[in-house]
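Side-chain atoms are counted along with the backbone in the values below, which use heavy atoms only and exclude waters and symmetry mates. Computed from a prediction, not measured in an experiment: that's the story for all the values here. Below, read A as the first sequence line, B as the second, and so on, with proteins coming before strands; counting in each chain starts at 1.
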2 protein chains.
Amino acid sequence: MQATTQRAERFTGNTVAQRPAIPSLLKPTERDALALLEQFGTTVPVHRDHEICGEGDKAEYCYRILSGCVRTVRLMEDGRRQIGEFLMAGDLLGFDALGIYDFAAEAVCDVVLRRYPRRMVDALAENNFALTRRLRDITSISLRMANTRLVMLGRKTASERIASFLLEMLERLPTARANVLDLPMGRSDIADHLGLTIETVCRVLAHLRREGTLSIDRSSIAVRDEAALQQMASGTRH
Amino acid sequence: MQATTQRAERFTGNTVAQRPAIPSLLKPTERDALALLEQFGTTVPVHRDHEICGEGDKAEYCYRILSGCVRTVRLMEDGRRQIGEFLMAGDLLGFDALGIYDFAAEAVCDVVLRRYPRRMVDALAENNFALTRRLRDITSISLRMANTRLVMLGRKTASERIASFLLEMLERLPTARANVLDLPMGRSDIADHLGLTIETVCRVLAHLRREGTLSIDRSSIAVRDEAALQQMASGTRH
DNA sequence: CGAGCACTTGAAAGATTTCAAGTCCAGTGG
DNA sequence: CCACTGGACTTGAAATCTTTCAAGTGCTCG
């Protein structure tokens, strides 16, 4: 499935200018308990489609995405793939792991990560209640998001899933300006995230384009009628 | 509300047979950190189909199931329902909530709960690293289980979901002896947990019965060929 | 220019749902 | 004690949604 998947094992001591975090519970804020970790962080670039960590690997690092997009992946024996989530600039990865990683993580496009050794995270947390609490909250938020996806996959139709996904991207993509989405991930990633096939994703998008709800140009999608998407996401309209 | 499926019976020394979800990671301490809470607990019986907490309610209590079965529920506007998980004796509920409950929780059958005020949990955690750590682990385990369900709902067929579900019940139901399951939940609960319709659940069960993999008598299901179920759960066989 | 890849689209197949009857009990009231 | 009734469960047939299979487009890159 992934042609070339390699570990990001090299790390450089480069410092990368840190882009201002988008306000979101999952993202670090100015005076964040996570700031303590910064001195132990290293900056790591990872190329498109390369692996950041493997499913079942011992969780030795936590990451913060500085730029780019990361997907978390689980594979079934026969190759069926489920993408747990997409992580954007500012999002955290691996902080909720418990010993081993639940999912593999791969770069959707070229990404830059800030990497923190887990043993430092744990050591700091042991003497810092704010940090420990923060870690717990991070995990709780991940759980809440996973549960929302559970409803999506268990009970929503293809159109509802696509509409929900586009609305989520509209909120989360740092580059989403003027309701134009430049999706970093391909159709097949979207399909594997939403529990659909790539063809179904295409067809639903084409339908929304014909309807006038979207304008589509490859990876660039302009949302022309956000209200229609919202109705569709909630099942009020098809 | 976040439900946590992990046994905590050690701290009361009760005799429920237990199989920790993730044995290697749940380092069982001599006395569970949760034991601290016991002095603040009250015992609460809840009748079948009655609500324990509502989705979106302020999370004022955490619970441990003493006996019976609880379901966590999310409803869509139009009535579609997703059951997040079923909780059995020993399982924890609400410890991973973040301010408000993500799910409603309802008694599947008559249940007895042990209830702890959240403010006590938080207060104790603030001065007790072991407890804080325990709470984080509880949340991480919930997250891991939610992620496993994500693959189930996103990528598994109806037969695979039913087979996986039966195997999970075989592990988790305290009354599962000699491969006989006395399921506390009805077909419609199972359907809403697996993202299927009640009819599909019936048909798959009927198919497994005709095949000789199961014997079915209403809520009592005997697993005659566990290996077949395992193959079916992983997609090796249909 | 040609190859490869991502994306699109159409048509047929397939899985699951929907609609529509039943069946089977458990609990109730005669 | 037994018929009755409502709810849970089953089953069949048709409808529907999504997938599968197949083919074609368009773009990028060497």
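- In terms of the side-chain hydrogen bond (donor to acceptor under 3.5 Å, both in side chains) criterion, B:Gln82 has no residue partners (sequence neighbours excluded).
- The minimum heavy-atom distance linking A:Leu181 with A:Val223 is given by the pair CD1-CG2, 4.4 Å.
- At whole-Å resolution of the value, CZ in A:Arg155 and C1' in C:dT18 are 13 Å apart.
- Within residues 205-215 of chain B, no residue has a heavy atom under 4.0 Å from DNA chain C.
- Listed by first and then second residue, the salt bridge (Lys or Arg N to Asp or Glu O under 4.0 Å) pairs involving residues 183-202 of chain B are A:Arg155-B:Asp192, B:Arg71-B:Asp189, B:Arg81-B:Asp189, B:Arg81-B:Asp192 (not counting sequence neighbours).
- Residues satisfying the side-chain hydrogen bond (donor to acceptor under 3.5 Å, both in side chains) criterion with B:Thr42, sequence neighbours excluded, are absent altogether.
- Atom CG in A:Leu194 sits about 15 Å away from atom C1' in D:dT19, given to the nearest Å.
- In this structure, the CD1 atom of A:Ile198 is 8 Å from the P atom of C:dT8, given to the nearest Å.
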Test log, rule side-chain hydrogen bond (donor to acceptor under 3.5 Å, both in side chains), inputs A:Asp96 and B:Ser140 | CA-CA 6 Å; A:Asp96 44 29; B:Ser140 284; over 6 Å; no
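- For the residue pair A:Leu150 and B:Leu153, the shortest heavy atom distance occurs at O-CD1, 3.5 Å.
- Residues forming a side-chain contact (heavy atoms from CB on, under 4.5 Å) with B:Asp217 (at least two apart in sequence, or on another chain): none.
- Atom CG of A:Asp189 is separated from atom C1' of C:dA6 by 12 Å (rounded to the nearest Å).
- The number of heavy atoms from other shown groups lying within 6.0 Å of CZ (B:Arg48) does not exceed 12.
- When rounded to the nearest whole Å, the span between CG of B:Asp192 and C1' of D:dA8 equals 14 Å.
- Evaluation of the side-chain contact (heavy atoms from CB on, under 4.5 Å) rule for A:Thr200 yields A:Ala158, A:Leu196, A:Thr197, A:Val204 as partners, not counting sequence neighbours.
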Protein and nucleotides 21-30 of chain D: nitrogen or oxygen contacts under 3.5 angstrom:
unit_1, atom_1, unit_2, atom_2, d
D:dC21, N4, A:Glu199, OE2, 3.2

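- Rounding to whole angstrom units, CD1 of residue A:Ile216 and C1' of C:dT8 are separated by 11 Å.
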Distances for protein N/O vs nucleotides 14-16 of chain C N/O pairs under 3.5 angstrom?
unit_1, atom_1, unit_2, atom_2, d
C:dT16, OP1, B:Ala158, N, 2.8

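- Look at CG on B:Asp78: it is 11 Å from P on C:dT18, rounded to the nearest Å.
- Annotation: side-chain hydrogen bond (donor to acceptor under 3.5 Å, both in side chains) contacts of B:Arg218 (sequence neighbours excluded): none.
- For B:His50, there are no side-chain hydrogen bond (donor to acceptor under 3.5 Å, both in side chains) partners at least two apart in sequence or on another chain.
- For the segment residues 230-238 of chain A, no residue has any heavy atom less than 4.0 angstrom from an atom of DNA chain D.
- In this view, B:Asp225 and B:Thr213, B:Ala227, B:Ala228 satisfy the side-chain contact (heavy atoms from CB on, under 4.5 Å) rule, not counting sequence neighbours.
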A:Glu160 and B:Arg80: side chain to side chain contact (heavy atoms under 4.5 Å, CB included), yes or no, with the steps?
-> CA-CA 13 Å; A:Glu160 290 164 4; B:Arg80 278 176 282 178; 2.8 Å; yes
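- A straight line from CG of A:Asp217 to P of C:dA6 spans 17 Å, rounded to a whole angstrom.
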